[in-house]
Q: 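After the structure tokens below, expect a handful of questions from me.
Any value given below was found using the heavy atoms of this structure, including those in side chains, with hydrogens, waters and symmetry copies removed.
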Amino acid sequence: MTESATDTIQSGGSAATAAGSTAAVRPAPAEAIALRNVTMSFDLGRSKRMTALEDFNLSVAEGEFVALLGPSGCGKSTVLRLVTGLEQATSGEVLVEDKAPADLAKSHRLGVAFQEHALLPWSSVRENIALPFRLARRAVDWQRVDELIRLVGLVGFEKARPRQLSGGMKQRVAIARALVLSPDVLLLDEPFGALDAVTRRRMNGELARIWEEQHITTLLVTHDVEEAVLLADRVVVLTGRPGRVRHVQTVDMPRPRHADITRSAEFRAVVDHLTDLLDVDRKAE
Amino acid sequence: MIRRSRLAGLLHLWPIVALVLLWDVWVLANGYTSIVAPRPWSVINDVVGNPDAYAIDFLWTLAISVGGLLLGMLLGTIAAVLISLWAPMSAVLTPAALIVRSVPVTVMIPIIARVFGYEVYTVLVVTVITSFFPAFVLGLSGMASAPASSRDLFVVFGSSRPASLWRLRLPYAVPNLLLALRITAPLAVLSAMLAEFLIGQQGLGYLFIVARSYMEIDRAWGTALVATMLSVFAFLAARFVERRISPRFT
């Protein structure tokens, strides 16, 4: 992406705040990710089936950041795995850029970061970030790799091996690796789930900053309400098993959002509202 | 510091010193003649005094062991890779590998010799068979040890199957393959010598049988001594390689 493109989107972002809705500034937002009437059930053996998702609908516009929020085991990771093409829906339709999800993976336009960093233990930070280039059989753009190392704040650790890094640093490498090919779609599955609260908060601030540089269509799966509200344009709250959409919350707080926004009354109000929604779900269980 | 570690290194040799001393005491206490059991000094004297009597056979066994070891491990790794690339291959390879593994190599040697002839490369074949299985089994489990999250990641990044093999599963198998090397190295020496003993025309196993039939007791025991050293050396070399390389892959 060029800088001017980034600028346009950013000024668009602030205009959106004025208009009160993010959707208003993108005249006809192309649909980047679409799940229509998706049901997903797993065979548990002994003729038992577990339904993870039922009649699930979700649409993510191009350049939009959507967070899927729900209690653990509600099927939110299943949504993500469907979008990566790692799992096939039992019924319904999953489209990424109007094609089957696996197409995007095969054309190397998908970026992912999971809860497990999945770094290669024998490779340096630099080599780990360069991996997607190698798997795409492209010449490694080392300038791009070094730019991302700067972006995620790992300058000086280029040659370090994963085991020499802290948990937070490993996740930053994973995020850089997800971004290195400038993917069309970014999928994040609890990327900071294994981190302590303080590190997690800082990483969220950094992810928000990184995302400002290039508004990539992003689907984030999390059970952390603050994380979802800080990062997303829309937060989709899921019910427990089987997963369905309970509520969609548009977050139109201005970008760039810094970590100190989490102390504002507006932010707290949204967080409290969503937390209540999750709590209803738990009581019902 | 260096002197201290050298001293510690020498201290590690105590079992050898103890063994040689016990050997001598055992011979003296029982009053064995040199035909029954020679004293260590005369055996060591024969080895040190006639290096060229041992050299060619030593080098021969060394070459066959190393060659058979590497070839066997290579074949074992290739078989593991084939299964990893194409699962139905397991039905073809695993039973064959298990049968070869289950039959004692001593029993197999005359049969292999019947098939391949009483030739040098029969000895090599025996060594290859011994070296195949550990690399095959440990290689397979090593490749399977690549975490699911990494495999998912490779799929999502659109990796080809060869790339996943080369960049993910094989590197994860390296520590296991080095473990196989450490386990197999002394076994390769053992099976090479056994084959030489039974069918060979050269090598330490053959030297032993010739020396014994000519009642050259010092030479026969000297061969055993040299073979032991070769075996221990093979183990230590493999362990050195493992310790050097394995940490780079974990």
Q: Tell me, for Leu181(A) versus chain B, whether the close heavy atoms (under 4.5 Å) come from the side chain, the backbone, both or neither.
A: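 For Leu181(A), there is no contact with chain B at all, as no heavy atom is under 4.5 Å.
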
Q: With chain B, which of Leu110(A), Thr84(A), Leu187(A) has the greatest number of heavy-atom pairs at distances under 4.5 Å?
A: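 Option with the top pair count is Leu110(A).
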
Q: Select all residues of residues 157-170 of chain A having any heavy atom within less than 4.5 Å of some heavy atom of chain B, and report them by number, or 'none'.
A: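 The stretch touches chain B at Arg161(A), Arg163(A).
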
Q: Between Thr130(B) and Ser191(B), is any side-chain donor less than 3.5 angstrom from a side-chain acceptor?
A: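 Indeed, the side chains of Thr130(B) and Ser191(B) share at least one donor-acceptor pair under 3.5 Å.
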
Q: Please work out whether the ring planes of Phe197(B) and Phe208(B) are parallel, tilted or perpendicular, with thresholds of 30° and 60°.
A: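 Plane angle between 30° and 60°, so tilted.
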
Q: Could you tell me which of Ser150(B), Ala163(B), Ser164(B), Ser149(B) has the largest number of non-hydrogen atom pairs under 4.5 Å with chain A?
A: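 If we count pairs closer than 4.5 Å to chain A, Ser149(B) comes out on top.
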
Q: Among Ala146(B), Pro171(B), Ser160(B), which has the most heavy-atom pairs under 4.5 Å with chain A?
A: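 Most heavy-atom pairs within the cutoff with chain A belong to Pro171(B).
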
Q: What pairs meet the salt bridge (charged side-chain N to carboxylate O under 4.0 Å, His left out) rule with one or both residues in residues 75-92 of chain B, with sequence neighbours excluded?
A: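 Residue pairs with at least one partner in residues 75-92 of chain B: there are none.
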
Q: Would you compute the distance between atom CG of Leu198(B) and atom OG1 of Thr122(B) and round it to the nearest 0.5 angstrom?
A: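 Reported value, rounded in 0.5 Å steps: 12.0 Å.
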
Q: Taking atom types as modelled, is there a side-chain donor on Thr217(A) or Asp184(A) under 3.5 Å from an acceptor on the other?
A: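 Distance-only check fails for Thr217(A) and Asp184(A).
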
Q: Regarding Asp189(A) and Ser77(A), do their side chains bring together a donor and an acceptor under 3.5 Å, going by distance alone?
A: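 Present: a donor and an acceptor within the cut-off.
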
Q: Between Pro183(A), Pro132(A), Ala136(A), which shows the greatest number of heavy-atom pairs under 4.5 Å with chain B?
A: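 Sorted descending by pairs with chain B, the first entry is Pro132(A).
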
Q: Less than 4.0 Å between a side-chain N and a carboxylate O, is that true for Glu127(A) and Arg134(A)?
A: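 Salt bridge present between Arg134(A) and Glu127(A).
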
Q: Which one wins on heavy-atom pair count under 4.5 Å against chain A: Asp152(B), Val155(B), Val174(B)?
A: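 The answer is Asp152(B).
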
Q: Is Arg109(A) close to chain B through its backbone or its side chain, or both, or neither, when contacts mean heavy atoms under 4.5 Å?
A: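 When you check distances to chain B, no heavy atom of Arg109(A) falls under 4.5 Å.
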
Q: Salt bridge check: are Glu147(A) and Arg150(A) linked by an N-O gap of less than 4.0 Å?
A: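 No, this pair does not count.
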
Q: Between the side chains of Ser65(B) and Thr61(B), does any donor sit under 3.5 Å from an acceptor?
A: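 Not at all, the side chains of Ser65(B) and Thr61(B) share no donor-acceptor pair under 3.5 Å.
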
Q: Could you tell me whether Asp146(A) and Arg126(A) make a salt bridge, using a distance below 4.0 angstrom between a side-chain N and a carboxylate O?
A: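 Yes, this pair counts.
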
Q: Heavy-atom distances under 4.5 Å only: say whether Pro147(B) touches chain A with side chain, backbone, both or neither.
A: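 Neither part.
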
